[in-house]
Structure formats: C-alpha cells, structure tokens
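One structure is given here, and the rest of the page talks about it.
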Amino acid sequence: MTGYTCLPTPVKFVVMSITEKYQQLRAEIPEHVTIVLAAKTRTAEEVAEAIAAGATDIGENYVQEAEEIYHALGAQAKRVRWHSIGAIQTNKINKALEIFDVFQTVDSLKHARALNTRAARIEKVLPVYIEVNIGAESSKAGIPPEYGKLEHLVHEMAQLENLKIEGLMTMGPLSEDPEVSRPYFRAAKTMFDQLRAVDIPNVNMHVLSMGMSASYQVAIEEGATMVRLGTIVFGERYYA
Ligand SMILES: *Cc1c(COP(=O)(O)O)cnc(C)c1O
C-alpha cells in the first residue's frame, strides 16, 4: 500500500434547494422584472418544486419535453404561464399551442404566418415576442440586428389578427463574463425603445426578454423586463 496525502478538512458547501434559490432570486430581482424559469432537461418534480416556491413563468425549448412535464404536473401546470423559448418546427405548432401561452422566438414573417393560421383555427390571440439575433451570430436564430428590418417585420406581423406582438427576445453571445453581453443588451434596449416610440396598431411592445444565469444582472441594468434563468435555480445541466 502506498501512502496517501492527508487532505485538509473539506470545505462545506451549502447546497441550496430550488425553493431557496428561487425565493432568493425573486427577492433580489426588481419586481417589475418577470423571471421565466428555463426548464430544459429538468424533471417534472423539479419544476413542481419551483412552482410551489412561487414561480409564475416556465420556459421550455422543446415541445415534447414541455408536453411531458405539463401533463405530469396536472392542475399545477395551469397556475403558471408557459413560454416557448426554442425553435419550433411548423409541424409541431398545433401541439405547442396546447401548452404554450407565449411564443418568444418568432423571427420571420413566414414563421409568424404559420403561427397565426393555427392560432386562428383555435380562435386564440397569441402573445408573441420577436427574437433578435443581436450579435449577428450565424449559430443563432433571430432577425438580424438592423432596426429597419425589425420595424418592417413588426409592421407586417401587426396585420396578423391572431398574433399580438408584446416584446423582443434576445440571447446575445454566450460568455462567462457578463460584461461581454452589456453592449449587446444595450443595443437590444435601444431597438426596443425605438419600436415603443412608433405607434403601430395591434402592437403592445412592453417586454424585453434578455439575460440568463450568467448575465441577468447586467441585462436588468440595461433594461430587461424579463430574464430567463435555468442553471442558477436548478443547478448545472448535464446534457442538452
Ligand atoms: C437554457 C436557456 C436559458 C437559461 O440558461 P441558463 O444559463 O441555464 O440560465 C435561457 N434562454 C434560453 C433560450 C435557453 O435555451
């Protein structure tokens, strides 16, 4: 047997529960900012705990995962708003409409029309946000960060009677350092304010959805009215 090095007494980590984490964040984040919990890869039990802790809004990237959790939660699912925060294929829109209350990732007139047609069939007026690819990254969805293009899309989408444009959503380049995100968030806020200054019928632009676990504080400083948090509440994700 070889000898072994005696390690110092381990530092004790205080592992906070989902309940404690959510409630701490809710107390810290200004009231006018909505917290959407990004629940991808999480179990129904984890989401149930978050809802019991007071979560009001749940975001899901995948229709099938949302559907499984939604049904597993039963009556509890109806106490919260469900946000679609991922890309949705046209053939999944009908299914998605059974679950989601808000679609945050509309980024083309084609996509908007596909949603509008299906919302019309079920006589629903659907709140939607337009996703802006604020960093103009080829890996990301969203319309290019050009104000003229954005306003043009808003005018065209405003004609669609079963959609209601309520906000902008953006991701921004991912970085461990939140300061990297700041100029992108600022640019998104500028576009948001420009749009708010134009009076377009059938548009009620009031939500700016930006900021995730690593960047939500900077996003709020730059004017976010909604943040989308996953890891900071639920812990590290091990897949997807
Ligand atoms: C996963 C995800 C989030 C949350 O990311 P975290 O870094 O875990 O907070 C926010 N927005 C979207 C669109 C996501 O897919």
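All ligand and atom numbering here is 1-based and tracks the order in the structure.
For Ile232, the heavy-atom gap to ligand 1 stays at 4.0 angstrom or more. For Gln104, the heavy-atom gap to ligand 1 stays at 4.0 angstrom or more.
Lys124 contributes no side-chain N or O that, together with a main-chain N or O of Asp101, makes up a donor-acceptor pair within less than 3.5 Å. Remark: side-chain polar atoms of Trp82 are not paired, donor with acceptor, to backbone N or O of Ala66 under 3.5 angstrom.
Of the protein's non-hydrogen atoms, the one nearest atom 9 (O) of ligand 1 is Ser213 OG, 2.5 Å. Thr231 OG1, 2.5 Å is the protein heavy atom nearest to atom 8 (O) of ligand 1. Looking at atom 2 (C) of ligand 1, its nearest protein heavy atom turns out to be Lys40 NZ, 2.5 Å. Of the protein's non-hydrogen atoms, the one nearest atom 11 (N) of ligand 1 is Arg228 NE, 2.9 Å. The protein non-hydrogen atom at the shortest distance from atom 5 (O) of ligand 1 is Met212 CE, 3.8 Å.
A donor atom on one side chain and an acceptor atom on the other are found under 3.5 Å apart for Arg228 and Ser209. There is no side-chain donor-acceptor pair under 3.5 Å between Glu67 and His71. Gln24 and Glu20 form no side-chain donor-acceptor contact under 3.5 Å, judged by distance and modelled atom types alone. Side-chain contact check for Glu65 and Tyr70: no donor-acceptor pair (N or O, by modelled atom type) lies under 3.5 Å.
Less than 4.0 angstrom separates some heavy atom of Asn61 from each of these atoms of ligand 1: 14 (C), 15 (O). Residue Ala38 has at least one heavy-atom neighbour below 4.0 Å for each of these atoms of ligand 1: 2 (C), 3 (C), 4 (C).
In terms of heavy-atom proximity, Val218 sits nearest to Pro178 at CG2-CB, 3.7 Å.
Residue contacts with ligand 1, taken as heavy atom pairs separated by less than 4.0 Å, involve Leu229 solely via the backbone atoms N, CA, C and O.
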